[in-house]
Protein chains: 2
Amino acid sequence: MLPLFYVGWKDSILSPSEMKLIHERIKKLDHLTDADIKYLVKNTDPSHPPKPELYKKWLQAIKTHAEQLDHHERYTLAQLGVEMSLLLLPNASASNMESIISAISELEKAMGIDDPGIQQRLYRQLGWSDVGNVDHHFSFDPSKLHDITNAFQLKIKKDTKSLLLDPLFNIDESLTDKDKQRIKTLERLQALAKQGLGALSYPLANGGHNDMGAYMAVFETLAYHDMSLSVKFGVQFGLFGGAILNLGTPYHHNTYLPKTGTGEYLGCFAMTETGHGSNVKDLETTATYDHTTGNIIIHSPTETSGKEYIGNALHARFAAVFAQLIVGDTNHGIHSVMVPIRDENNNLLPGIKVVDCGHKIGLNGVDNGRIWFDQVVVPKQNLLNRFGDIDQNGKYTSPIENPNKRFFTMLGTLVGGRICVGLGALSAAKTALTIAIHYGTKRRQFAPKDGLPETIIMDYQTHQHRLIPKLIKNIVFHNALSILAEEFASRNDENDIRKIETKAAGLKSLATWLSSETIQTCREACGGKGYLSENTLGRLRADADIFTTFEGDNTVLMQLVAKGLLTEFNQEFHEAGFTAVVRYIGGKIQFRLSEYNPLFTRNTSVEHLESEEFLADALKYREKKTLISLADRMKSYVSKRMEPNEAFLKCQLHMMDAGRAYIERLAYRMMVRKLQSLEASPEKTMLTKINQTYALTILMENRDWYLENDYMEGSKTKALRRVYDKHIASFRNDITGLAESLGVNDRQYNIKP
Amino acid sequence: MLPLFYVGWKDSILSPSEMKLIHERIKKLDHLTDADIKYLVKNTDPSHPPKPELYKKWLQAIKTHAEQLDHHERYTLAQLGVEMSLLLLPNASASNMESIISAISELEKAMGIDDPGIQQRLYRQLGWSDVGNVDHHFSFDPSKLHDITNAFQLKIKKDTKSLLLDPLFNIDESLTDKDKQRIKTLERLQALAKQGLGALSYPLANGGHNDMGAYMAVFETLAYHDMSLSVKFGVQFGLFGGAILNLGTPYHHNTYLPKTGTGEYLGCFAMTETGHGSNVKDLETTATYDHTTGNIIIHSPTETSGKEYIGNALHARFAAVFAQLIVGDTNHGIHSVMVPIRDENNNLLPGIKVVDCGHKIGLNGVDNGRIWFDQVVVPKQNLLNRFGDIDQNGKYTSPIENPNKRFFTMLGTLVGGRICVGLGALSAAKTALTIAIHYGTKRRQFAPKDGLPETIIMDYQTHQHRLIPKLIKNIVFHNALSILAEEFASRNDENDIRKIETKAAGLKSLATWLSSETIQTCREACGGKGYLSENTLGRLRADADIFTTFEGDNTVLMQLVAKGLLTEFNQEFHEAGFTAVVRYIGGKIQFRLSEYNPLFTRNTSVEHLESEEFLADALKYREKKTLISLADRMKSYVSKRMEPNEAFLKCQLHMMDAGRAYIERLAYRMMVRKLQSLEASPEKTMLTKINQTYALTILMENRDWYLENDYMEGSKTKALRRVYDKHIASFRNDITGLAESLGVNDRQYNIKP
């Protein structure tokens with residue numbers, strides 16, 4: 001009876017009349033002697049509560065007698081008491097025990113203490129720290145959920161994670177020397193190359209598997225654990241190798257890809273310059289064709305034309321250099337040229353100047369440098385000539401006549417990198433969430449009342465609201481980017497690129513911003529422990545930070561998304577500037593919501609607010625209306641003869657909003673699509689709930705817009721909040737299962753005690 | 001005429017009919033010959049625009065002829081042309097020139113190109129990079145504004161900044177070795193101590209100036225530049241020394257303060273334990289009095305009772321240890337005891353175990369460690385006995401009978417540290433803003449049109465909206481914390497502490513969160529450059545990050561703020577748990593908005609929306625209503641017999657909202673107070689505008705609440721947005737002046753080219 005009475009009394013939850021009823025029941029317990037009964041009744045008299053010292057003795061007795069029991073077993077209080085007794089009465093009959101358990105269980109129920117949370121508290125006091133964190137029994141199977149959400153290239157993701165368990169990939173969180181970090185990263189890169197992982201996307205004839213999707217999956221998976229390695233891998237095989245693959249022709253594929261894939265040729269992707277990051281069109285580096293020699297001269301005309309932040313710059317033998325191609329007297333715009341920058345002994349070649357970018361906030365395993373070219377001569381065939389070539393007569397030729405279109409087409413082939421970057425950032429966020437969720441379900445602080453165990457911080461509403469919405473968004477955006485990766489990897493038609501580009505730009509932006517916010521939230525949620533380097537969160541945040549800037553600055557990308565929407569994907573994605581868009585809008589018939597009747601209703605029932613009908617419509621309304629109001633606004637500025645650039649500058653924020661509304665809805669719809677492909681299962685139920693809660697989260701975050709635009713009234717948004725709060729709280733019991741389903745658990749990322 | 005025509009034509013902004021009018025005017029220019037006029041008219045024919053080569057020639061001509069002019073002068077186009085001519089016609093008469101300038105200026109105006117921005121573009125093309133960034137002429141004097149906003153302890157702030165210019169304080173951004181960083185930080189600390197800066201708050205008799213405010217100003221100022229130093233300074237002089245000062249008695253002051261102030265006694269503040277951070281009341285370390293020996297035994301009973309994250313742990317000779325004081329059989333709660341932990345040769349004393357916390361995300365100049373005490377014996381007089389003592393008979397005595405009240409009073413004396421931490425975080429944010437604003441007003445990317453100079457990124461609406469609201473909030477919160485620091489430093493009555501505590505908790509939380517968000521935004525706004533360690537932003541963010549966790553975890557603090565509000569500051573600030581609050585609310589008469597009539601109006605005029613009457617009322621309404629709805633909700637839960645702890649858990653988010661609404665309004669009101677103390681001046685005008693824009697920002701961020709609570713309708717919030725956008729844009733021309741007024745410019749923090 002001891003556990004029952006210890007807990008029942010300590011929690012002081014019984015009123016006198018309830019206690020009287022308890023006494024009645026105690027008297028009916030057959031297995032107790034009269035002396036027993038007298039003792040129990042005497043010590044459960046509300047007007048004479050036991051002294052603290054007696055509680056201590058009871059607890060100590062339980063500790064002592066339960067010492068030999070299995071500390072991981074989730075006993076009810078009745079079972080615990082009986083198990084303890086059995087240790088003292090090894091000959092007790094089983095049937096006897098069963099009826100006793102039954103009777104005490106009934107009492108436990110009657111006292112209202114047959115609750116996992118209450119049992120938890122006792123176990124905590126016994127020092128059984130691992131016992132049945134109430135969330136060991138999830139409503140779904142975490143590994144099944146993992147396999148469903150990672151269905152695209154599942155095998156290679158698992159293989160890569162196994163590979164990463166090799167001690168070679170262990171990270172010393174206290175290693176701050178960047179030169180040592182770079183050496184290790186290069187070592188690890190070469191180990192991956194040896195496994196053939198670098199060449200996955202290359203043609204079979206060049207040592208590859210022709211499997212872009214597999215390459216993308218490796219990049220994504222590396223980022224759970226080591227973003228320096230992931231980025232170096234991406235630079236070498238995806239950017240450098242990718243430039244050769246997508247902008248070169250079979251000559252280049254055959255000449256460079258095999259050794260690129262094995263890591264024998266280290267290369268870098270020299271596009272960004274100090275003076276030009278986002279604005280690739282106006283790079284200053286020149287590639288001038290000299291017909292007398294048949295060579296191309298690469299030159300950095302100014303200080304600011306130097307290539308900057310170039311990964312692999314300190315190790316590479318080759319650079320795929322993006323420059324203005326000048327043939328005759330004509331500048332044909334940006335093209336890419338293969339330029340050897342070091343010899344086989346790793347010495348810089350003449351005319352090449354490389355300066356180390358030095359220590360960075362993160363990614364110090366990646367050697368970033370600046371590169372200037374001083375009249376460096378390369379043969380004509382080094383021009384990656386898929387989209388632009390120079391014939392024997394020294395004339396420029398191209399399959400795409402329009403220079404702008406040509407430029408966009410070239411850049412479009414590189415959009416896979418943008419999708420990878422979004423997925424990589426989410427991988428890092430998953431690791432951070434795993435750490436924070438594990439910590440939050442173990443860490444305790446503040447007791448509801450003196451003497452009770454301190455509360456597990458994941459039980460606090462504030463803590464749930466910090467982590468759960470981020471977890472949900474991560475899952476939804478991961479799904480969207482995974483599907484997009486699959487679409488990209490399996491595309492047939494370069495015309496498909498346009499829509500993929502817009503989605504990639506928007507999903508990359510929101511995913512990387514989400515990742516940075518998530519990791520920051522996780523650091524704060526782990527308090528002082530989160531600030532120690534040994535607990536990984538600092539490295540994750542420092543590494544992931546730049547993902548919001550490279551492969552396209554997010555703020556610029558979101559405006560490109562809006563541009564795509566405004567021009568209904570008609571205009572070239574990288575069309576010069578935004579003034580053209582403004583003019584385009586000015587010339588169009590006004591957008592209308594005509595094909596769509598929004599679901600305006602005052603219904604505030606839970607059923608309605610949770611329904612897909614409502615959530616899908618709300619997301620759609622915001623997307624459409626934000627875009628239409630943007631277009632209308634631009635039109636009105638144009639009709640007032642405002643300079644197009646002025647109009648653009650005034651509409652930028654609105655463009656960001658329109659892009660965000662579109663992408664946030666897109667992520668929801670892509671999960672709906674995913675769900676449609678699944679059979680009924682607990683995992684499908686969980687994902688459905690996640691998507692539903694995601695939509696509720698987006699609506700909550702944009703309540704101001706919905707109220708302002710009369711889609712909902714105050715009474716409805718207040719009801720919405722209640723539904724949202726309920727949804728967030730409902731994830732509590734499953735939260736470590738969801739963390740497990742993220743698939744980061746191989747390396748046991750955990751806060752060290 | 002050349003600059004005029006180059007610009008006028010290049011910008012292509014004149015319609016044919018406008019050009020016709022221009023031609024009429026040209027013909028009237030006396031100083032031109034017929035041949036001149038013919039040339040000009042011919043080359044400004046819209047149907048026959050000049051070839052690109054001619055533009056180039058015009059530009060080259062301007063460059064050549066303007067070479068010898070002062071490149072920093074802000075010429076209008078008319079002036080430029082005339083100055084160029086004068087170089088060729090040194091004998092031209094002055095009066096002639098004046099009338100020519102006048103005529104050409106008129107033409108300039110008529111063409112609509114007498115605009116600083118347009119002039120700017122030309123200067124850029126001439127390569128005159130420093131010319132009249134339009135914001136060299138501010139609407140106020142930056143150094144006067146600095147002195148006004150830093151009026152509290154202005155002199156010592158300036159002296160400290162001067163001191164920091166000494167090469168000893170130069171930071172090598174690539175130094176990552178934590179042991180070397182710690183050595184440097186200790187060196188710098190001792191240099192500050194030598195200057196007497198550490199002892200400022202100590203009594204005169206103990207080597208100090210009795211000037212708490214001065215100490216706080218030094219802490220704040222150090223944080224602009226070196227947060228490791230600032231924190232180590234704070235630990236040594238503020239926490240360790242502060243514990244002696246505030247919790248000890250003259251015996252302790254005389255024994256320890258003089259050498260603490262000189263840095264001869266290095267000490268640490270051993271409060272936080274691995275198992276208990278926020279919940280100080282339940283620290284596990286024990287301090288047990290033994291009457292037979294007259295000693296106190298300090299002991300760490302469990303692994304988790306070890307002190308953790310203790311700054312100065314690796315260097316300190318003494319620790320102010322917070323432990324449960326046990327006298328006789330009674331636990332009298334948390335008290336502080338001076339415990340020597342190292343001898344004068346820096347060897348650990350017996351029973352003391354110290355383990356290095358290792359590398360951290362930031363603040364690696366601070367040596368944080370874990371400390372366990374194994375039955376360490378100290379004499380009774382080591383008890384810091386201001387609020388609790390042990391008499392000769394071995395009996396515990398205290399001037400404060402109630403143990404809870406005693407506990408709160410002790411902690412209350414330490415609230416100065418919390419104010420310091422808020423100010424320190426804002427200092428770091430100011431440095432980040434300075435860097436980002438300078439960069440943003442120089443960096444260019446994307447031209448509105450081919451051939452035009454690329455746009456300065458600070459001219460983009462998106463860029464302005466990223467940085468300006470943060471800048472404004474920083475200035476407003478800095479003012480609030482500065483005033484609070486002054487109130488704290490000059491307080492007479494320990495009863496004043498209660499309200500100061502609530503304000504300190506809330507302002508510290510919002511200021512540190514603001515700082516982290518600001519620095520992150522600045523990093524992203526500086527793109528790739530922001531990611532290089534040499535540009536400081538990484539260090540600022542990594543160092544400032546922990547300010548949201550230490551000196552009180554922000555999420556916990558905000559709930560304490562709400563508690564203060566709910567109990568009308570009647571309850572002890574650190575009152576055990578929140579369930580008491582819930583019961584308190586349950587017992588009170590309902591709050592009412594009775595003494596206050598909100599200003600409900602549909603007025604959407606700009607005048608109204610900008611008015612102090614409206615803004616102050618809107619902030620007040622949100623504060624009051626959020627609190628009342630919270631209290632009502634708690635009452636209803638209590639009346640439904642919900643367990644108080646359950647009610648608390650359900651109301652946590654609402655408590656956060658109530659705390660935030662109060663603090664956001666508090667910051668506004670404290671600026672109003674500041675403004676009332678100022679004479680009319682351009683600086684007062686600027687601060688008034690800043691406070692106005694701050695209020696608009698808060699309203700914008702909480703539009704959902706205002707709409708939901710029927711304070712504003714959609715038409716009003718839409719009008720509000722237009723006013724807000726206008727306000728943000730209006731800071732463009734003054735932005736580098738505002739950056740200058742932050743006072744971080746001594747060290748020329750700038751992005752390296």
Side-chain angles (χ1 to χ4, degrees), chain A residues 173-174 176-178 272 274 276-279 282 308-309 357-361 445-450 454 459-462 465 516 520 523-524 527-528 531-534 538 542 545-546 548-550 553 555 576-577 579 643 645 649-650 652-653 656 703-704 707-710 714 717-718 753, chain B residues 13 173-174 176-178 272 274 276-279 282 308-309 357-361 445-450 454 459-462 465 516 520 523-524 527-528 531-534 538 542 545-546 548-550 553 555 576-577 579 645 649-650 652-653 656 703-704 707-710 714 717-718 753:
Chain A
E173 302 287 2
S174 67
T176 57
D177 180 322
K178 78 174 194 309
T272 295
T274 300
H276 291 89
S278 300
N279 182 12
D282 293 333
E308 187 156 23
Y309 323 114
C357 282
H359 194 267
K360 306 186 297 292
I361 289 179
Q445 200 75 184
F446 291 114
K449 237 186 307 203
D450 280 344
E454 296 190 55
D459 290 335
Y460 287 118
Q461 188 190 42
T462 43
H465 277 255
S516 288
Q520 178 60 28
R523 198 302 290 154
E524 289 182 35
Y531 200 62
L532 303 179
S533 295
E534 66 185 16
D545 181 20
I546 196 62
T548 53
T549 296
F550 69 18
D553 175 274
T555 302
T579 56
E643 236 236 82
N645 191 53
L649 290 179
K650 286 177 98 72
Q652 267 191 313
L653 291 178
M656 303 283 291
R703 276 190 334 282
D704 49 7
L707 288 159
E708 224 172 64
N709 286 278
D710 297 318
T717 57
K718 284 178 181 169
Chain B
I13 49 174
E173 302 287 3
S174 67
T176 57
D177 181 321
K178 78 173 194 310
T272 295
T274 299
H276 291 88
S278 298
N279 182 12
D282 292 333
E308 186 156 22
Y309 322 114
C357 282
H359 194 267
K360 307 186 296 293
I361 288 179
Q445 199 76 183
F446 291 114
K449 237 186 305 207
D450 279 345
E454 296 189 56
D459 290 335
Y460 287 119
Q461 188 190 44
T462 43
H465 278 255
S516 288
Q520 178 61 29
R523 197 302 288 154
E524 289 183 33
Y531 201 63
L532 303 179
S533 296
E534 66 186 15
D545 181 21
I546 197 61
T548 54
T549 296
F550 70 17
D553 175 273
T555 302
T579 56
N645 190 54
L649 290 180
K650 285 177 100 70
Q652 267 192 313
L653 291 178
M656 303 283 291
R703 277 189 336 280
D704 49 8
L707 288 158
E708 224 172 66
N709 288 278
D710 296 317
T717 57
K718 283 178 181 169

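Here is how names work: the chains are called A, B, and so on, in the same order as the sequence lines, proteins then strands, and each is numbered from 1. Because only heavy atoms are used, hydrogens play no part in the values below, and waters and symmetry mates are left out as well, while side chains stay in.
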Chemist: Among A/Ser278, A/Ser174, A/Ser516, single out the residue with the greatest number of heavy-atom pairs under 4.5 Å to chain B.
Modeler: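 The option with the most such pairs is A/Ser278.
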
Chemist: Would you call B/Arg703-A/Glu708 a salt bridge at under 4.0 Å N-O?
Modeler: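 Yes, this pair counts.
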
Chemist: Contact part of B/Lys178 toward chain A, heavy-atom cut-off under 4.5 Å: side chain, backbone, both or neither?
Modeler: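 B/Lys178 has no heavy atom closer than 4.5 Å to chain A.
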
Chemist: Quick check on B/Thr274 against chain A: is it the side chain, the backbone, both or neither that has a heavy atom closer than 4.5 Å?
Modeler: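 Backbone plus side chain of B/Thr274, per the 4.5 Å heavy-atom cut-off to chain A.
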
Chemist: Report yes if some heavy atom in the side chain of A/Phe446 is under 4.5 Å from a heavy atom in the side chain of A/Tyr460; otherwise report no.
Modeler: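 The answer is yes, as the side chains (C-beta and beyond) meet within the 4.5 Å cut-off.
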
Chemist: Please determine, among A/Gly358, A/Gly538, A/Gly714, A/Ser533, the option with the most heavy-atom pairs under 4.5 Å with chain B.
Modeler: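 Greatest number of close heavy-atom pairs with chain B: A/Ser533.
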
Chemist: Give, as side chain, backbone, both or neither, the part of B/Asp704 having an atom under 4.5 angstrom from any heavy atom of chain A.
Modeler: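 Looking at B/Asp704, backbone and side chain both touch chain A.
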
Chemist: Given a strict heavy-atom distance threshold of 4.5 Å, which part of B/Asp553 is in contact with chain A: side chain, backbone, both, or neither?
Modeler: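 Side chain only.
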
Chemist: Let's test your reading of the structure: which of A/Lys718, A/Lys650, A/Gln652 forms the most heavy-atom pairs below 4.5 Å with chain B?
Modeler: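 Looking at each option in turn, the highest pair count goes to A/Gln652.
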
Chemist: Taking side chain as C-beta onward, heavy atoms only, is B/His276 less than 4.5 Å from A/Glu454?
Modeler: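 SC-SC contact between B/His276 and A/Glu454 confirmed.
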
Chemist: A/His359, A/Lys360, A/Gln461: which one forms the most heavy-atom pairs within less than 4.5 Å of chain B?
Modeler: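 Answer, by heavy-atom pair count under 4.5 Å with chain B: A/Gln461.
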
Chemist: Under 4.5 Å from any heavy atom of chain B, what part of A/Asn279 do you find: side chain, backbone, both or neither?
Modeler: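 Contact with chain B involves both backbone and side-chain atoms of A/Asn279.
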
Chemist: Based on non-hydrogen pairs under 4.5 Å, which of A/Gly277, A/Gly528, A/Gly527, A/Cys357 is most in contact with chain B?
Modeler: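 Top option by heavy-atom pairs under 4.5 Å: A/Gly528.
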
Chemist: Please report the interatomic distance CG(A/Asp177) to CG(B/Asp177), rounded to the nearest 0.5 Å.
Modeler: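 Between A/Asp177 CG and B/Asp177 CG, I get 9.0 Å after rounding to 0.5 Å.
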
Chemist: So which part of B/Asp710 gets closer than 4.5 Å to some heavy atom of chain A, the side chain, the backbone, both or neither?
Modeler: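 Contact with chain A: none, neither part.
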
Chemist: For residues A/Arg523 and B/Ile546, determine if any side-chain heavy atom of one lies less than 4.5 Å from a side-chain heavy atom of the other.
Modeler: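 Yes. Closest side-chain heavy atoms under 4.5 Å.
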
Chemist: Does A/Glu308 reach the side chain of B/Leu532, with side-chain heavy atoms less than 4.5 Å apart?
Modeler: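 In contact.
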
Chemist: For a 4.5 angstrom cut-off between non-hydrogen side-chain atoms, does B/Thr555 reach B/Met656?
Modeler: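 With C-beta onward as the side chain, the pair touches.
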
Chemist: Quick check on A/Tyr531 against chain B: is it the side chain, the backbone, both or neither that has a heavy atom closer than 4.5 Å?
Modeler: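 Both parts, backbone and side chain.
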
Chemist: To the nearest 0.5 Å, what is the distance between OG1 on A/Thr462 and CG on B/Leu653?
Modeler: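 A/Thr462 OG1 to B/Leu653 CG: 6.5 Å, rounded to 0.5 Å.
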
Chemist: Could you check which of A/Asp545, A/Thr272, A/Asn709, A/Thr549 has the highest count of heavy-atom pairs closer than 4.5 Å to chain B?
Modeler: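 The answer is A/Asp545.
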
